[in-house]
Amino acid sequence: IGNATCHAVTSSGSGSLKGAFENCKIEQIELPHGLQTIGPSAFGMCENLKSISISEGVTRIDQLCFAYCFSLEKILLPSSLRKIANRAFCLCSKLKNVYLSDGIEEIGMEAFNTYNSLDIRIPESVTKIADNAFGAIESNLTKPTIHCCSGSYALRFARTHNYSYERDDKTFKKIFV
């Protein structure tokens, strides 16, 4: 596994893969059905990882799960996802676009602290976003552009933190598709 370019993970049960692939040389990963949580540091420091596809059924991505995956450009997140924990995608510096499906409720601190200009679609289902979900509030680093609906928590969050935002309720579901 350590030198693989693409790997499909097989699993029995609903285990979390805690630290299972940390610091591997994989470039792509497809996670199986039946997984509910992707545990802490499961894919942390996989510097060659470029894309991940997470299957339906995963409800939580734990802390540092994909942190320091410097080559990560594309993530496909399931509609079953409810929480992205602290620093889950921290320092994934090539990550530019994130599409969060309806159903997600919480984004943890520094979850997307990528140090780049991130475009992120945040659905109305989100009711909690850590103040520093996108990096240190006081830093002069590039801030995200948040795509959201009128009246949503994400819109209030963007305004409170002086983040750029775009709202278009009619085409909201088509922004990143």
Side-chain angles (χ1 to χ4, degrees), residues 14 16-17 29-40 42-43 49-67 69 72-137 141-177:
S14 59
S16 73
L17 302 175
I29 196 80
E30 294 175 25
L31 296 176
H33 291 284
L35 202 59
Q36 294 173 352
T37 299
I38 305 173
F43 297 92
L49 186 62
K50 293 179 182 176
S51 69
I52 54 172
S53 178
I54 301 171
S55 64
E56 283 298 323
V58 172
T59 59
R60 179 184 171 96
I61 296 175
D62 270 336
Q63 65 271 12
L64 300 167
C65 188
F66 296 98
C69 293
L72 188 60
E73 297 172 349
K74 183 177 180 181
I75 54 175
L76 296 175
L77 301 172
S79 59
S80 58
L81 188 63
R82 297 295 174 258
K83 180 176 182 175
I84 298 175
N86 301 344
R87 298 181 184 94
F89 295 95
C90 185
L91 298 178
C92 294
S93 55
K94 289 191 178 178
L95 194 57
K96 304 278 190 233
N97 296 298
V98 176
Y99 178 93
L100 300 178
S101 297
D102 293 330
I104 190 160
E105 299 166 354
E106 183 177 345
I107 303 171
M109 69 176 198
E110 296 186 10
F112 292 101
N113 185 3
T114 62
Y115 293 103
N116 66 17
S117 56
L118 182 70
D119 270 359
I120 185 165
R121 184 249 191 214
I122 302 177
E124 288 182 281
S125 58
V126 171
T127 57
K128 184 177 181 183
I129 303 172
D131 281 337
N132 58 351
F134 305 101
I137 297 167
L141 300 172
T142 305
K143 295 181 179 183
T145 298
I146 295 175
H147 300 267
C148 54
C149 288
S150 297
S152 67
Y153 180 84
L155 178 60
R156 290 190 305 276
F157 177 86
R159 287 178 173 162
T160 300
H161 293 85
N162 291 325
Y163 289 163
S164 297
Y165 62 89
E166 293 183 18
R167 62 173 192 232
D168 186 351
D169 300 319
K170 292 180 183 177
T171 60
F172 183 64
K173 294 185 184 222
K174 298 178 184 175
I175 289 175
F176 289 101
V177 178

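Any value given below was found using the heavy atoms of this structure, including those in side chains, with hydrogens, waters and symmetry copies removed. Residue indices begin at 1 and follow the sequence shown.
- The one candidate from Ile129, Val126, Leu100, Val98 that meets the side-chain contact (heavy atoms from CB on, under 4.5 Å) condition with Ile84 is Leu100.
- Distance alone, capped at 3.5 Å, places no donor-acceptor pair between the Asn86 side chain and the Gly108 backbone.
- The salt bridge (charged side-chain N to carboxylate O under 4.0 Å, His left out) test applied to Lys83 returns Glu106, not counting sequence neighbours.
- The minimum heavy-atom distance between Ala88 and Asp62, with the atom names listed, is CB-O, 3.8 Å.
- For Ser101, the side chain to side chain contact (heavy atoms under 4.5 Å, CB included) test picks out Ser79, Tyr99, with sequence neighbours left out.
- Contacts of Arg156 classified as side chain to side chain contact (heavy atoms under 4.5 Å, CB included), with partners at least two apart in sequence or in another chain: Tyr153.
- Under the side chain to side chain contact (heavy atoms under 4.5 Å, CB included) criterion, Ile54 pairs with Leu31, Ile38, Ile52, Val58, Ile61, Phe66, Leu77, Pro78, not counting sequence neighbours.
- Considering NZ of Lys96 and CG of Asp119, their distance stands at 10.5 Å, rounded to 0.5 Å.
- For the atom pair CG of Leu72 and OG of Ser51, the computed distance is 7.5 Å after rounding to the nearest 0.5 Å.
- In terms of heavy-atom proximity, Leu81 sits nearest to Arg60 at CD1-N, 3.7 Å.
- Of the possible polar contacts, one joining the Asn116 side chain to the Ser93 backbone as a donor-acceptor pair under 3.5 Å is found.
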Does Phe157 form a side chain to side chain contact (heavy atoms under 4.5 Å, CB included) with Ile122? I'd like the steps, not just the answer. CA-CA 11 Å; Phe157 177 86; Ile122 302 177; 5.8 Å; no
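- For the pair Glu56 and His33, the tightest heavy-atom approach, listed with the atom from each and the gap, is O-ND1, 3.7 Å.
- Contact record, Leu118 with Leu95: CD1-O, 3.6 Å, taken as the closest heavy-atom pair.
- Distance check: Asn97 CG to Ile75 CD1 gives 10.0 Å after rounding to the nearest 0.5 Å.
- Taking every heavy atom of both residues into account, Pro32 and Ser55 meet most closely at O-OG, 2.6 Å.
- In this structure Phe112 satisfies the ring-ring contact (aromatic ring centres under 6.0 Å, His included) test together with Phe89, sequence neighbours excluded.
- Listed by first then second residue, pairs satisfying salt bridge (Lys or Arg N to Asp or Glu O under 4.0 Å) with a partner in residues 84-93 read Arg87-Glu110, not counting sequence neighbours.
- Using modelled atom types, one side-chain atom of Ser125 and one backbone atom of Gly103 make a donor-acceptor pair closer than 3.5 Å.
- Nearest heavy-atom pair, Gly57 versus Ser80, reported as atom, atom and distance to 0.1 Å: N-OG, 2.8 Å.
- In this structure, the separation between OG on Ser152 and OH on Tyr165 is 10.5 Å, given to the nearest 0.5 Å.
- With rounding to the nearest 0.5 angstrom, the NE2 atom of His161 is 8.5 Å from the CG atom of Asn132.
- Taking CZ of Arg121 as the reference point, atom SG of Cys148 lies at 10.0 Å (rounded to 0.5 Å).
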